[in-house]
Amino acid sequence: MQREGKLLVISGPSGAGKSSLINEILKEIDNVYFSISTTTRAKRVGEIDGIDYFFVTKEEFEEDIKKGLFLEWAKVHGNYYGTSLKPVFKAIEEGKLVIFDIDVQGNSSIRERFKDITTSVFITTPSIKELENRLKNRGTDSKEIIQKRLQNAIEEIKRVDEYDFVLINDDFQKAKEYLLAVAKSAKLKLSKNEIDSFIKEWKSTSNKKV
Ligand code: 5GP
């Protein structure tokens, strides 16, 4: 059976450890493509344009919206974030597992459009207090931005029921194994087309007419 690409949406509050976990599993899964988003937010220390995000101006982003270049886009913490359409479709065609690090709005757009090939997981800290500590220790954001992110996290957690899995990241090694298992199962999911062609193939091997 010809395998099609599958999608794995990863969401969760900034500071929950999503990026570190994603970087770990990218090393261990074959035939995978990480969707690099475009954003208008300021680059953090250590971030690289074209690797972490494509950093653009508000005007450039709005131009790309007009041109229909995004598969989905959303405003998060007052900045634009969007997923480019072309590379995602190319990766799906190539049978890859496409991994997205996007927010709850993005998850709902992707799920609506690609329901049968999408798996989703929400990654969070055990508590809001722990999230606050991690954001403070990370030292990359100002007090105001941390407050905005905490507020946003409270809103996002209300939509956790829209996800297939919830991963509480309190032990990095365990969380990595969990996410790896989810990513492997996301690859095993069968699309509607794959199920139809499998049933056809399977029946065609019968000697008798059924
Ligand atoms: P951060 O600024 O911490 O990198 O990301 C802030 C939030 O934006 C995170 O929840 C992240 O998952 C989300 N995000 C990043 N890229 C995209 C995107 O392309 N689309 C959507 N909808 N959300 C995104």
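Order of listing sets the numbers, starting from 1, for every ligand and every atom in it.
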Original post:
Applying a heavy-atom distance cut-off of 4.0 Å, which protein residues contact ligand 1?
Top reply: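 For ligand 1, the contacting residues are G12, S14, K18, S37, R41, R44, Y53, E72, A74, V76, H77, Y81, G82, T83, D101, I102, D103, G106, R149.
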**OP:** In sequence, state the C-alpha distance, the side-chain angles, and the governing distance for R44 and D52, and then conclude on salt bridge (charged side-chain N to carboxylate O under 4.0 Å, His left out).
**Re:** CA-CA 10 Å; R44 286 191 197 122; D52 298 287; over 6 Å; no
Subject >> Smallest separation among heavy atoms of P13 and K18, with atom names >> reply: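 Residues P13 and K18, closest heavy atoms: O-CE, 3.9 Å.
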Original post:
Closest approach of F172 and S20, non-hydrogen atoms and distance?
Top reply: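 Scanning both residues completely, I find the closest heavy atoms to be CE1-CB, 3.7 Å.
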Original post:
Could you give the distance from OG1 (T125) to CG (N169), rounded to the nearest 0.5 Å?
Top reply: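 That separation rounds to 8.5 Å.
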Original post:
In Å, rounded to the nearest 0.5 Å, how long is the span from CZ of F114 to NZ of K6?
Top reply: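 Reported to 0.5 Å precision, the distance equals 13.0 Å.
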Original post:
Residues two or more places apart in sequence or in another chain: which of them pass ring pair (Phe, Tyr, Trp, His ring centres under 6.0 Å) with Y178?
Top reply: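 By the ring pair (Phe, Tyr, Trp, His ring centres under 6.0 Å) rule, Y178 matches no residue at all.
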